[in-house]
2 protein chains.
Amino acid sequence: MRARSDPPQVSGETTRQRLIDAALQVFGEFGFEGASTRMLADKADANLAAIPYHFGSKEGLYCAAAQYIVDRMAQHTAPLLEQIEHALRNGPLPRNQALELMHNYTDTLVAILVGSSEADGWAAFIMREQLQPGAAFDVLYEGMMRRVGDAGAGLLASILKRSRSDPSINLRAIAILGQILVFRNCRQTALRSLGWKEFSVERLEQIQSLIREHVDLILAGAV
Amino acid sequence: MRARSDPPQVSGETTRQRLIDAALQVFGEFGFEGASTRMLADKADANLAAIPYHFGSKEGLYCAAAQYIVDRMAQHTAPLLEQIEHALRNGPLPRNQALELMHNYTDTLVAILVGSSEADGWAAFIMREQLQPGAAFDVLYEGMMRRVGDAGAGLLASILKRSRSDPSINLRAIAILGQILVFRNCRQTALRSLGWKEFSVERLEQIQSLIREHVDLILAGAV
DNA sequence: GTCTATAGTCGGATAGAC
DNA sequence: GTCTATCCGACTATAGAC
């Protein structure tokens, strides 16, 4: 039996935070319409009325979850992106250094996007938002995707000695990102086609090494 | 005023077919839960009760739409896949012929996946089904994705002179497909990052030529 | 801040006339 | 096969006690 002054939460987290955690999972799995406020409240061990109280509405909770993803993702990628952005700020990079940064970039993205269990819920959330962009898409794009894409394109421009504004640089950056993202976006299809049940650590390393090899080949020969 | 014996449909299509057409669009845009039977019936210019009558339930209509996608996609890709499958059946291919088939393969997939307006609705449908695989996922995978993936991996094995069962062949095939799929799966993000409003014919050709270049570089150097 | 109870709406499916 | 009318369950949001 709890003492009178104890908060009624199950864990130490606030109801607000538990609702956001639940939202990441439940919206990710079922989508905005597929998720009901009852599911969300149950998963968070919170009361149904806590959603309109803390977030105004179901949609408010959805946007709060998008913002949370951006914040956490920024924490994960900050060291890498700062390193790249700092290096690019000081003019053109020596080819070796740029290639090493590029390998670091793809390895880190594979680890975060494909390997991180935290990303499981996030990825579905983000992908659904891309299918039918709403207010949360701007939050995700401006807070996260743009910076990641810019870093990759900047490195590419430096390695290929082309202008950052050359559209072929952007296209190439997207294609390279695509080689990583496919293992996340089409995870079920990829796993089934490989006859795998999951991406274990060892298999992640196979993927990282394959992407590095492709990047090297593309960057060695691209015109 | 229609004669007594005329069917009550607006167009020549049967109610059943109009419902499937509507389902492709509406489920694609809003997802299974996001789409209501009323939306579906309105879009198809059909009666609400026609859905349970023709398909048993909303879910039955959803599965019928998945089957329709598989059938149409098979029509689109049949010439290409038959050409590849036939060529692979007669033992190892000369490198030049295999490369030409590979270019044909990527060009066709870019045209269908990125360029076809028909694919707009389908792609979202398929991607949502990957996020939360249900009964329709098996229909899509077995009827479509497997054959496309197998053709690509078969070509790759032939070009790289590796066993078809070598997992690195499958991984490489997925990575190459990823470079194409990213322009479909992350269409909104890609367009925004490129500052484009749509993938025009001319831009599709840019993408096709870029993918061909990447494929050549990867296949020339891969070990 | 958290709870119960409930209002008000909209969902999918059905019954039965035509 | 197609229609109207309707049932009933599930949904989000709110009111008001504590």
Side-chain angles (χ1 to χ4, degrees), chain A residues 1-23 25-27 29-66 128 132 134-136, chain B residues 1-66 128 132 134-136:
Chain A
M1 190 169 143
R2 288 187 296 103
R4 219 164 26 92
S5 58
D6 277 2
Q9 294 84 343
V10 170
S11 79
E13 292 177 304
T14 66
T15 297
R16 192 190 152 83
Q17 187 55 49
R18 289 203 320 280
L19 277 170
I20 290 179
D21 290 345
Q25 281 189 255
V26 177
F27 281 133
E29 183 166 358
F30 301 102
F32 183 78
E33 283 91 359
S36 75
T37 50
R38 285 169 173 79
M39 279 188 217
L40 292 160
D42 284 354
K43 188 84 149 191
D45 221 332
N47 190 275
L48 192 59
I51 294 170
Y53 177 78
H54 285 285
F55 302 95
S57 68
K58 180 186 177 182
E59 197 180 353
L61 173 54
Y62 184 80
C63 287
R128 283 207 165 82
Q132 201 189 357
Chain B
M1 185 168 147
R2 287 188 293 106
R4 221 167 21 94
S5 59
D6 276 3
Q9 293 85 343
V10 171
S11 80
E13 293 177 304
T14 66
T15 298
R16 191 189 153 82
Q17 187 55 49
R18 291 203 318 281
L19 277 170
I20 290 179
D21 290 345
L24 293 169
Q25 281 189 255
V26 178
F27 282 133
E29 184 167 358
F30 301 101
F32 183 78
E33 284 91 358
S36 75
T37 51
R38 284 167 175 83
M39 277 189 218
L40 292 160
D42 284 354
K43 188 82 150 193
D45 221 332
N47 190 275
L48 189 60
I51 294 171
Y53 177 78
H54 285 285
F55 302 96
S57 68
K58 180 185 178 184
E59 197 180 353
L61 173 54
Y62 183 80
C63 287
R128 283 206 167 83
Q132 201 189 356

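Only this structure's heavy atoms are used, side chains among them; waters, hydrogens and symmetry mates stay out. Naming convention: chains lettered A, B, ... in sequence-line order (proteins, then strands); numbering from 1 in each chain.
- Nearest heavy-atom pair, Thr15(A) versus Ala46(A), reported as atom, atom and distance to 0.1 Å: CG2-CB, 3.8 Å.
- In this structure, Leu19(A) atom CG and dA13(D) atom P are separated by 13 Å, rounded to whole Å.
- By the side-chain contact (heavy atoms from CB on, under 4.5 Å) test, Ala64(B) is found to be paired with Ile20(B), Phe55(B), residues two or more places apart in sequence or in another chain being considered.
- For Ala66(A), the side-chain contact (heavy atoms from CB on, under 4.5 Å) test picks out Phe125(A), Ala136(A), Val139(A), Leu140(A), with sequence neighbours left out.
- One can place CZ of Arg16(A) at 13 Å from C1' of dG1(C), the figure rounded to the nearest angstrom.
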Check: residues 28-44 of chain B side-chain donor-acceptor pairs under 3.5 Å, at least two apart:
{"unit_1": "Ser36(B)", "atom_1": "OG", "unit_2": "Arg38(B)", "atom_2": "N", "d": "3.4"}
{"unit_1": "Ser36(B)", "atom_1": "OG", "unit_2": "Met39(B)", "atom_2": "N", "d": "3.1"}

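- One can place NE2 of His54(A) at 15 Å from C1' of dA13(D), the figure rounded to the nearest angstrom.
- dG1(C) atom P lies 14 Å from atom CD of Gln17(A), rounded to whole Å.
- Put simply, OH on Tyr53(B) is 15 Å from P on dA15(C), counting in whole angstrom units.
- Two residues are said to be in side-chain contact when any heavy atoms from C-beta on lie closer than 4.5 Å; Asn47(A) and Tyr53(A) fail this criterion.
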Filtered N/O pairs between nucleotides 11-14 of chain C and protein, under 3.5 Å:
{"unit_1": "dG12(C)", "atom_1": "OP1", "unit_2": "Thr37(B)", "atom_2": "N", "d": "3.3"}
{"unit_1": "dG12(C)", "atom_1": "OP1", "unit_2": "Lys58(B)", "atom_2": "NZ", "d": "2.7"}
{"unit_1": "dG12(C)", "atom_1": "OP2", "unit_2": "Thr37(B)", "atom_2": "N", "d": "2.6"}
{"unit_1": "dG12(C)", "atom_1": "OP2", "unit_2": "Thr37(B)", "atom_2": "OG1", "d": "2.5"}
{"unit_1": "dG12(C)", "atom_1": "N7", "unit_2": "Arg38(B)", "atom_2": "NH1", "d": "3.0"}
{"unit_1": "dG12(C)", "atom_1": "O6", "unit_2": "Arg38(B)", "atom_2": "NH2", "d": "3.1"}
{"unit_1": "dA13(C)", "atom_1": "OP2", "unit_2": "Lys58(B)", "atom_2": "N", "d": "3.1"}

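- Between His54(B) and Arg16(B), the shortest heavy-atom distance links the atoms O-NH1, 3.6 Å.
- At whole-Å resolution of the value, OH in Tyr62(A) and C1' in dT12(D) are 17 Å apart.
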field: Test side-chain hydrogen bond (donor to acceptor under 3.5 Å, both in side chains) applied to Asp21(A) and Gln25(A), step by step
entry: CA-CA 7 Å; Asp21(A) 290 345; Gln25(A) 281 189 255; over 6 Å; no
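- Taking five base pairs at each end of the helix from dG1(C)-dC18(D) to dC18(C)-dG1(D), the local helix axes there meet at an angle of 0°, rounded to 10°.
- In this structure, CZ of Phe55(A) is placed 15 Å from P of dT12(D), rounded to the nearest angstrom.
- Under a 3.5 Å cut-off, the side chain of Arg18(B) and the backbone N or O of Asp45(B) do form a donor-acceptor pair.
- Atom CG of Leu40(A) is separated from atom C1' of dC11(D) by 12 Å (rounded to the nearest Å).
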